[in-house]
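Read through the structure below, which is laid out as structure tokens, and then see the notes.
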Amino acid sequence: MPVSIDDIKAAAQVINGHILRTPAVRSPRLSEELNCDLVLKLENLQATGSFKERGAINKLSSLTAAERKKGVIAMSAGNHAQGVAYHAQRMGIPATIVMPDFAPITKVERTRSFGARVVLNGDTLDASAVAARQIAKDEGLTFVHPYDDELVVAGQGTIGLELMEDHPDLEIIVVPIGGGGIVSGIATAAKAIKPSIRIIGVEAEFYPSMYQAIHNLNPISGGQTLADGIAVKNPGTVTRRIIENLVEDIILVDESAIESAILALAEKQKVVAEGAGAAGIAAIQAHPQRFAGKKVATIICGGNIDVRILSAVLTRGLVRDGRMARLRIDISDRPGVLAKLAGIIGDAGGNIIEVNHQRLFQDVPVRNAEIDIIIETRNADHVKEIVASMQSAGFRTRVLSTRSIDEPVR
């Protein structure tokens, strides 16, 4: 195999003292909900918010004095960029990071704040990789690949060593897959220590590149995904070889499942995870029978989620769960009606958070109006109770939530 347990143990010595030995904590509430004994490895607590620092340090530490002087270059839309830039700065190594044109401004500025030269080039990550390779050739820089490098894989594998030290009774480890670096390293370490342990990978449904590769399917990936950290079209060759031999299965998760997982981690474990970081929880939630009664760990591999995206995900989650709903109510346009509506909702235990009173732009009689009211509720059944109360009082009421309250929550 390209990487051995000895390589990973050596990497652990190299990175010791340079990164956080992240906690692997049990999640009682999620364990109860998912009917398994669930452990979360919190790599989102690293200095740059993701596991990528481990592989970056191991690679940077291997450079010769001449290579360090010339500098390194990496290609990334976010986490790998920050991991390389942060530790290159610490080690006095000049760093250039090629990021795609669509990279979020916050991630670009954060990478620059670590002293890196940032080059925006390419409308895809693949195009950015081509540009990075060319700059490396022209300027004599060492290319630090985000996943398809034995030293990077060994660095990520230190997560597996720590997990098995902290929880030797683990039966399954669920790991997100982008290019495959983290799952390859963890699988190598964990299977060497405990051959019976099962390793299951997770990919975003829009980017099933490793799943397609190992099943000899046509490589078709693309689309907007919350899990941008694992949105990889071309998986690694080094990592593919390891995954084919050591990873039992790859589960594909859709966007709704990823959103639900981010909400579950924030609400029930008080953990902020980006889409890729929540992918393992999404897989367990989508297939609970596969993990029922088992001691399971998953990696919260990153927490770098834009706060606006996080806010939208949490709000959408409340709507999906029926804890927030938008009602449209027909009323007669006369004094006191709005106060009566508010009283009915309040008496039923709902909380009004927004009101839109429309007289002019709706197709209603001139003496009537439509009210759109957004309310906070306990659950979907509570929404039905409030609607029933409104209708009993003579108000025609419809639910305009993005999800029907009769539709089961996934």
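- Counting heavy atoms from C-beta on, the side chains of Phe395 and Lys340 come closer than 4.5 Å.
- Side-chain N or O atoms of Ser76 include one that pairs as donor or acceptor with a backbone N or O of Gly78 at under 3.5 Å.
- The CZ atom of Arg21 sits 4.5 Å away from the CD atom of Glu162 when rounded to the nearest 0.5 Å.
- Asn218 has its side chain out of reach of Gln212: every pair of non-hydrogen atoms, C-beta onward, lies at least 4.5 Å apart.
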(request) For the pair Tyr211 and His215, evaluate ring-ring contact (aromatic ring centres under 6.0 Å, His included) and give the outcome as yes or no after the intermediate values. (result) CA-CA 6 Å; Tyr211 179 91; His215 289 90; 4.2 Å; yes
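- In this structure, Ser31 contributes its side chain and Leu38 its backbone to a donor-acceptor pair below 3.5 Å.
- Taking 4.0 Å as the cut-off between side-chain N and carboxylate O, Arg240 and Glu244 count as a salt-bridged pair.
- In Gln224, the CD atom is not crowded: 12 or fewer heavy atoms of neighbouring residues, nucleotides or ligands sit closer than 6.0 Å.
- Remark: the backbone N or O of His382 is paired with a side-chain donor or acceptor of Asn379 at under 3.5 angstrom.
- The existence of a salt bridge linking Arg198 and Asp249 is excluded, since no basic side-chain nitrogen approaches an acidic carboxylate oxygen closer than 4.0 Å.
- Using a 4.0 Å cut-off between charged nitrogen and carboxylate oxygen, Asp372 and Arg326 count as a salt-bridge pair.
- When all heavy atoms of Ala204 and Ile230 are compared, the closest pair comes out as N-CD1, 3.9 Å.
- The pair Arg112-Glu109 meets the salt-bridge criterion, since a charged nitrogen lies less than 4.0 angstrom from a carboxylate oxygen.
- Within a 6.0 Å radius of NZ in Lys9, no more than 12 heavy atoms belonging to other residues, nucleotides or ligands are found.
- Residues Thr96 and Val72 have side chains not in contact (no heavy-atom distance under 4.5 Å, counting atoms from C-beta outward).
- Considering only heavy atoms from C-beta on, Val144 stays 4.5 Å or farther from Ile73 through its side chain.
- For the residue pair Glu43 and Thr22, a side-chain donor N or O sits within less than 3.5 Å of a side-chain acceptor on the partner.
- Taking OG1 from Thr188 and CD1 from Ile243, the interatomic distance works out to 9.5 Å, rounded to the nearest 0.5 Å.
- Proximity of Val119 to Ile97: side-chain heavy atoms (C-beta onward) are nowhere separated by under 4.5 Å.
- Note: Glu255 CD to Glu205 CD = 8.0 Å, rounded to the nearest 0.5 Å.
- Annotation: side chain of Thr397 is in contact with side chain of Ile329 (closest heavy-atom distance under 4.5 Å).
- If you take CD1 on Ile375 and CD1 on Ile345, they are separated by 5.5 Å, rounding to the nearest 0.5 Å.
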(message) Could you go through Gln82 and Thr111, starting from their C-alpha distance and side-chain angles, then the distance that decides it, and tell me whether this counts as side-chain hydrogen bond (donor to acceptor under 3.5 Å, both in side chains)?
(response) CA-CA 5 Å; Gln82 293 179 58; Thr111 303; 4.8 Å; no
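- Counting only distance, with no hydrogens or angles, the side chain of Asn79 and the backbone of Lys52 share no donor-acceptor pair below 3.5 Å.
- For Thr377 (side chain) and Gly350 (main-chain N/O), no donor-acceptor pair under 3.5 Å exists by modelled atom type.
- In this structure the side chain of Arg54 reaches within 4.5 angstrom of the side chain of Ile159, judged on heavy atoms.
- In this structure, OH on Tyr147 lies 9.0 Å from OG1 on Thr237, to the nearest 0.5 angstrom.
- Side-chain N or O atoms of Gln156 include none that pairs as donor or acceptor with a backbone N or O of Ile182 at under 3.5 Å.
- Within 6.0 Å of CD in Glu248 there are more than 12 heavy atoms belonging to other residues, nucleotides or ligands.
- For the 3.5 Å distance criterion, the side chains of Ser50 and Asn304 fail to qualify, holding no donor opposite an acceptor.
- In this structure, the side chain of Thr298 does not engage the main chain of Leu40 through any donor-acceptor pair within 3.5 Å.
- In this structure, Asn44 and Gly303 approach most closely via the heavy-atom pair CB-N, 3.5 Å.
- A salt bridge links Arg323 with Glu267: the distance from a Lys NZ or Arg NE/NH1/NH2 to an Asp or Glu carboxylate oxygen falls below 4.0 Å.
- By the 4.5 Å heavy-atom criterion applied to side chains, Val202 and Ile177 are not counted as neighbours.
- Proximity of a side-chain donor or acceptor of Asn121 to a complementary backbone N or O of Val98 within less than 3.5 Å is not detected.
- Under 3.5 Å, the side chains of Thr48 and Glu53 contain a donor-acceptor pair of N or O atoms.
- For the residue pair Ser260/Gln285, the side-chain donor-acceptor check at 3.5 Å is not satisfied.
- Contact between Leu161 and Ala12 at its shortest, heavy atoms only, is CD1-CB, 4.0 Å.
- Looking only at atom types and distance, the side chain of Arg90 has a donor-acceptor partner in the side chain of His18 under 3.5 Å away.
- Put simply, the side chain of Tyr207 gets close to the backbone of Gly223: a donor and an acceptor are under 3.5 Å apart.
- Salt-bridge check for Glu259 with Arg316: passed, with a basic side-chain N closer than 4.0 Å to an acidic carboxylate O.
- A donor-acceptor pair under 3.5 Å is absent between the side-chain atoms of His80 and the main chain of Met75, judged by distance alone.
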